[in-house]
Protein chains: 2
Amino acid sequence: MTSVPSWANVDERRNLPPALAVSTVILGIRPGVEGGPDKLCLPLVRRIRQPHAGMWALPGGPVDARESLGQAAGRTLAGTTGLRPNYLEQLYTFGDIDRSPTHRLVTIAYFALLHVDQVGATVQDPNVAWFDIDDPAIAQLAFDHRKIVDYALWRLRNKTEYGQIAHRLLGERFTLAALRGVYEAILGRRLDPANFRRTLNSTASIEATDEYLAGGKHRPPRLYRYVGHGPDPLEVDPLHG
Amino acid sequence: MTSVPSWANVDERRNLPPALAVSTVILGIRPGVEGGPDKLCLPLVRRIRQPHAGMWALPGGPVDARESLGQAAGRTLAGTTGLRPNYLEQLYTFGDIDRSPTHRLVTIAYFALLHVDQVGATVQDPNVAWFDIDDPAIAQLAFDHRKIVDYALWRLRNKTEYGQIAHRLLGERFTLAALRGVYEAILGRRLDPANFRRTLNSTASIEATDEYLAGGKHRPPRLYRYVGHGPDPLEVDPLHG
DNA sequence: TAAATAGTGTCTCTTAGACAATATCGT
DNA sequence: ACGATATTGTCTAAGAGACACTATTTA
């Protein structure tokens with residue numbers, strides 16, 4: 001290795017075909033402390049190579065010739081973080097010429113959601129860490145990854161009205177209060193418990209169970225379950241259709 | 001050239017990195033005949049090379065190393081059809097392993113809208129033609145392009161509620177009846193003229209002008225103009241942001 | 001029984017849609 | 001005047017949100 005890496009030669013770089021990679025924004029929900037609101041959070045990996053060595057970045061990697069794009073996203077995020085999301089959706093493809101200082105890089109961004117019980121359960125590695133979505137430490141990320149994160153959040157907020165998203169951040173069974181907490185974390189504002197309940201009851205994709213959650217300090221809430229519809233075409237892959 | 005092309009060798013193919021291309025679904029509106037409803041239509045190009053030679057396909061081509069993805073979409077659609085859309089938006093990236101029978105092909109699909117006066121005005125070329133969206137002749141297209149068209153239509157239908165789309169299919173000034181025709185063509189159903197008018201008047205992105213459209217057989221309708229908001233983040237590129 | 005959350009009832013306001021009625025052009 | 005479309009008015013039903021109220025548990 002020389003002190004001037006070969007990729008610094010712009011002329012050479014321009015003759016290479018674009019490299020193809022995937023990156024994934026993995027979002028989970030973290031219960032609020034002391035009655036505070038729940039928080040959206042995500043795992044990031046620290047880059048150990050140039051460019052942007054030392055900076056936090058989205059998990060990802062190159063697309064192998066024998067795997068689909070969604071498989072590449074799932075493989076690379078599992079390889080770096082050890083996580084197994086239950087939801088994966090293609091977000092957008094970023095291909096501006098100068099988004100990497102070293103080479104022409106086209107990145108297909110994905111968007112994953114994790115159940116609460118997986119949040120924080122990443123591999124033991126100092127180069128993998130969780131951040132709250134509003135943590136100032138991640139105001140800057142490698143490449144244009146901050147833009148990708150912001151776009152994922154925008155998509156998440158604009159999709160909640162369709163339902164089908166918030167419960168992917170919870171487990172199989174959940175209380176309406178927990179579900180409301182998820183919506184509040186996503187939308188960033190308080191929701192009226194009464195109206196929230198009525199709205200979801202009319203949704204028909206949420207179903208009451210016979211069970212109640214005991215152990216709280218107060219009246220035990222009923223547990224609900226999600227019964228899904230089909231997803232929107234192409235919006236969900238490859239775990240679904 | 002041999003009778004067995006080199007790309008038929010699967011082992012060889014698997015060692016190649018994915019090829020990167022763009023394809024664009026270009027949609028326009030065609031006035032209905034005899035008082036019938038307006039129709040959505042699109043230009044297609046006939047493939048002159050393998051694979052799928054002779055089949056109709058979306059305009060597109062490979063991504064050059066020195067252009068952005070949106071620029072590649074604009075360049076390739078202009079090169080094949082001669083059209084200049086006023087709206088271009090990234091749709092989705094298709095990368096299934098077997099979507100091309102000959103090689104691993106990753107295609108970033110774009111979605112463009114044309115003003116009415118450009119509909120039908122393509123280059124003189126027997127390998128370029130316009131089709132109504134419900135024309136049975138395009139039930140089958142090359143590659144997975146039919147799936148891409150269907151996805152573009154789905155996006156268009158689910159976006160009309162945001163406004164800002166239908167008038168990109170018309171010119172600068174338009175009557176409310178023309179705009180209603182566009183919505184009816186997209187949604188595939190009749191809309192009440194009175195309610196449509198009221199809804200748009202409250203939208204504030206549609207503004208009445210002082211002009212009226214003369215020359216009709218009946219009472220001349222007022223002309224309106226679109227006054228845009230900012231687009232949603234990343235949903236619009238590269239002509240905008 | 002007090003505190004806290006679960007859950008219900010009711011009211012208002014906005015909006016989508018059905019549909020009647022009026023306005024204004026060309027012929 | 002007539003036909004056709006433009007434009008306005010009115011009514012109803014459904015949904016979102018504010019908010020008072022009741023229910024049921026633990027401490």
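The structure displayed is predicted, hence computed values, not measured ones. Every chain is numbered from 1, with letters handed out A, B, ... down the list of sequences. Scope of the values below: all heavy atoms of this structure, side chains included, with no hydrogens, waters or symmetry mates.
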(Q) Taking salt bridge (Lys or Arg N to Asp or Glu O under 4.0 Å) as the definition, give me every residue that meets it alongside B:R197, ordered by chain and number, with sequence neighbours left out. (A)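 B:R197: no salt bridge (Lys or Arg N to Asp or Glu O under 4.0 Å) contacts found.
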
Q) Using a heavy-atom cut-off of 4.0 Å to chain B, what are the terminal contacting nucleotides of DNA chain C, in 5' to 3' order? A) C:dG17 to C:dG26

Give a yes or no on whether a salt bridge exists between [X] and [Y], defined as a side-chain N under 4.0 angstrom from a carboxylate O.
X      : Y      : result
A:D38  : A:R30  : no
B:R222 : B:E211 : no
A:D125 : A:R46  : no

Q: Name the residue closer to the 5' end of DNA chain D, choosing between B:H218 and B:Y224 according to the nucleotide with the nearest heavy atom.
A: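 The answer here is B:H218.
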
Q. Which class fits the ring pair B:F143 and B:H145: parallel under 30°, tilted 30 to 60°, perpendicular over 60°?
A.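 Correct class here is tilted.
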
Q.
In terms of relative ring orientation, are B:F196 and B:Y183 parallel, tilted or perpendicular, with 30° and 60° separating the classes?
A.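 Perpendicular.
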
(Q) From CZ of B:R222 over to P of D:dA6, roughly how many Å is that when rounded to an integer? (A)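 Rounded to whole Å, this separation is 13 Å.
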
Q: Grab the NZ-C1' distance between B:K217 and D:dT5 for me, whole Å please.
A: 12 Å

**Q.** Letter per nucleotide, 5' to 3', of nucleotides 14-23 of chain D [B base touched, S only sugar-phosphate touched, - untouched; heavy atoms, 4.0 Å]
**A.** ---BBB---B

Q: Decide side-chain hydrogen bond (donor to acceptor under 3.5 Å, both in side chains) for B:R198 and B:N195; before the verdict, give the C-alpha distance in whole Å, the side-chain angles of both, and the deciding distance to 0.1 Å.
A: CA-CA 5 Å; B:R198 195 182 10 248; B:N195 295 331; 2.5 Å; yes

Q. Yes or no on ring pair (Phe, Tyr, Trp, His ring centres under 6.0 Å) for B:F174 and B:Y224, after CA distance, side-chain angles and deciding distance?
A. CA-CA 5 Å; B:F174 45 83; B:Y224 290 79; 7.3 Å; no

